[in-house]
Amino acid sequence: MKADFQVVLDACILANFSICDLFLRLAETPRLYLPRWSEEILVETHRTHIGKLGWPADIAESFQRALREQFPEAMVTKYEPLIDQCTNDIKDRHVLASAIRCQAEIICTFNLKDFPSHALQPWGITACHPQDYLLTLYAIDRVLVVRKIEAIARKRGIEAEDHLIQLGRFVPSFSQRLLDDMGV
């Protein structure tokens with residue numbers, strides 16, 4: 001399956017490595033959606049990695065390079081003229097402008113309060129919490145989602161159930177749903 005449904009991933013998604021890893025794997029071939037972001041979102045992600053999460057500069061730079069190399073089609077450009085037309089939280093207007101520019105219908109973010117429906121509705125865009133979007137992707141292709149989680153767990157040297165428990169810190173409903181379906 002190759003899906004071209006565009007979803008703007010906010011910096012809070014990209015900065016959270018566990019969540020980002022799953023989202024990006026679900027965007028690999030055969031992808032369930034097409035991730036989108038802007039230069040400003042990547043700068044914000046980098047700033048969070050270094051300033052808030054304490055990543056070493058070389059690791060943060062390597063992460064940025066990998067995003068750009070592995071997902072070149074994700075970059076949204078020429079969104080800046082739209083920023084002044086956005087009425088959501090001022091610090092996240094660039095995110096909405098990016099979504100408008102690439103005609104994404106969803107912004108995936110932990111910061112739903114920064115994207116009130118009255119600011120998104122005129123553009124036909126919805127802000128979605130990552131656990132809700134992961135549940136949607138799971139409903140589309142359960143086998144693929146479980147395979148990706150198993151691959152991440154193998155790479156980390158842990159069981160898939162343990163990885164889901166770790167993910168539960170950030171996306172509890174998604175994690176619990178998969179654990180229930182696995183009979184754990």
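Just so you know, these numbers use all the heavy atoms, side chains as well, and skip hydrogens, waters and symmetry mates.
In this pair, His129 and Phe110 present their aromatic rings perpendicular. The plane angle is above 60°, beyond the 30 to 60° band.
The side-chain heavy atoms of Phe23 and Leu9, taken from C-beta on, include a pair separated by under 4.5 Å. In this structure the side chain of Asp141 reaches within 4.5 angstrom of the side chain of Val143, judged on heavy atoms. Val7 places none of its side-chain heavy atoms less than 4.5 Å from the side chain of Leu34.
Atom CD1 of Ile90 sits about 11.5 Å away from atom CG of Asp114, to the nearest 0.5 Å. A distance of 12.5 Å separates OH in Tyr133 from CZ in Phe174, rounded to the nearest 0.5 Å. Here His163 contributes atom NE2 and Leu167 contributes atom CG; the two are 4.0 Å apart, rounded to the nearest 0.5 Å. Rounded to the nearest 0.5 angstrom, Glu159 CD and Met182 CE are separated by 9.0 Å. The CD1 atom of Ile152 sits 4.5 Å away from atom CZ of Arg25, with the distance rounded to the nearest 0.5 Å.
Residues Leu53 and Ile50 do not share a hydrophobic cluster, defined by chaining ILVMFWY side chains whose heavy atoms lie under 4.5 Å apart. A continuous path of ILVMFWY side-chain contacts below 4.5 Å connects Ile59 to Leu67, so both sit in one hydrophobic cluster.
Using a 4.0 Å cut-off between charged nitrogen and carboxylate oxygen, Asp181 and Arg142 count as a salt-bridge pair. For Arg93 and Asp89, the salt-bridge test fails: no basic side-chain N is under 4.0 Å from an acidic carboxylate O.
Remark: the backbone N or O of Ile125 is not paired with any side-chain donor or acceptor of Glu105 at under 3.5 angstrom. In this structure, Thr109 contributes its side chain and Asn111 its backbone to a donor-acceptor pair below 3.5 Å. For the pair Ser38 (side chain) and Ile41 (backbone), a donor-acceptor distance under 3.5 Å is present. Side-chain N or O atoms of Gln64 include one that pairs as donor or acceptor with a backbone N or O of Leu42 at under 3.5 Å. Distance alone, capped at 3.5 Å, places no donor-acceptor pair between the Lys148 side chain and the Leu26 backbone. Remark: side-chain polar atoms of Glu39 are not paired, donor with acceptor, to backbone N or O of Thr77 under 3.5 angstrom. No side-chain donor-acceptor contact under 3.5 Å links Asp92 to the backbone of Val95. Arg36 contributes a side-chain N or O that, together with a main-chain N or O of Ala74, makes up a donor-acceptor pair within less than 3.5 Å. At least one donor-acceptor pair under 3.5 Å links the side chain of Ser175 to the backbone N or O of Leu164. A distance-only check finds no donor-acceptor pair linking the side chain of Asp10 to the backbone of Ile13 [under 3.5 Å].
Checked by atom type, the side-chain pair Gln176/Asp180 shows a donor-acceptor distance below 3.5 Å. Residues His94 and Glu80 bring no donor and acceptor atom of their side chains to less than 3.5 Å of each other. Between the side chains of Tyr33 and Asp4, no donor-acceptor pair is found at a separation under 3.5 Å.
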- Kindly determine whether Glu61 and His46 satisfy side-chain hydrogen bond (donor to acceptor under 3.5 Å, both in side chains), including the steps that lead there. CA-CA 8 Å; Glu61 293 297 327; His46 187 267; 2.7 Å; yes
- Query: Taking it one step at a time, do Leu32 and Phe5 satisfy side chain to side chain contact (heavy atoms under 4.5 Å, CB included)?
  - Reply: CA-CA 8 Å; Leu32 292 179; Phe5 189 77; over 6 Å; no
- Task: Please assess Val146 against Leu144 for the test side chain to side chain contact (heavy atoms under 4.5 Å, CB included), listing each intermediate value before the final yes or no.
- Result: CA-CA 5 Å; Val146 170; Leu144 181 61; over 6 Å; no
- Task: Using the side chain to side chain contact (heavy atoms under 4.5 Å, CB included) rule, take Phe63 and Thr45 through it: C-alpha gap first, then chi angles, then the decisive distance, then the call.
- Result: CA-CA 10 Å; Phe63 180 81; Thr45 301; 4.1 Å; yes
- Task: Step by step, work out the side chain to side chain contact (heavy atoms under 4.5 Å, CB included) result for Ile106 and Gln6.
- Result: CA-CA 7 Å; Ile106 293 178; Gln6 299 183 80; over 6 Å; no
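The minimum heavy-atom distance linking Ala27 with Pro35 is given by the pair CB-CD, 3.5 Å. The two residues Ser18 and Arg156 have their closest heavy-atom pair at OG-NH1, 3.6 Å. When every heavy atom of Ala104 is checked against every heavy atom of Val8, the shortest pair comes out as CB-CG2, 3.9 Å. Pairing each heavy atom of Ile107 with each of Ala99, the nearest pair is CG1-CB, 3.8 Å.
Counting heavy atoms of neighbouring residues, nucleotides and ligands inside a 6.0 Å radius, atom CD of Glu150 exceeds 12 of them. The number of heavy atoms from other shown groups lying within 6.0 Å of CD (Gln121) does not exceed 12. For Lys52, the NZ atom counts as loosely surrounded, since its 6.0 Å shell holds 12 or fewer non-hydrogen atoms of other residues, nucleotides or ligands.
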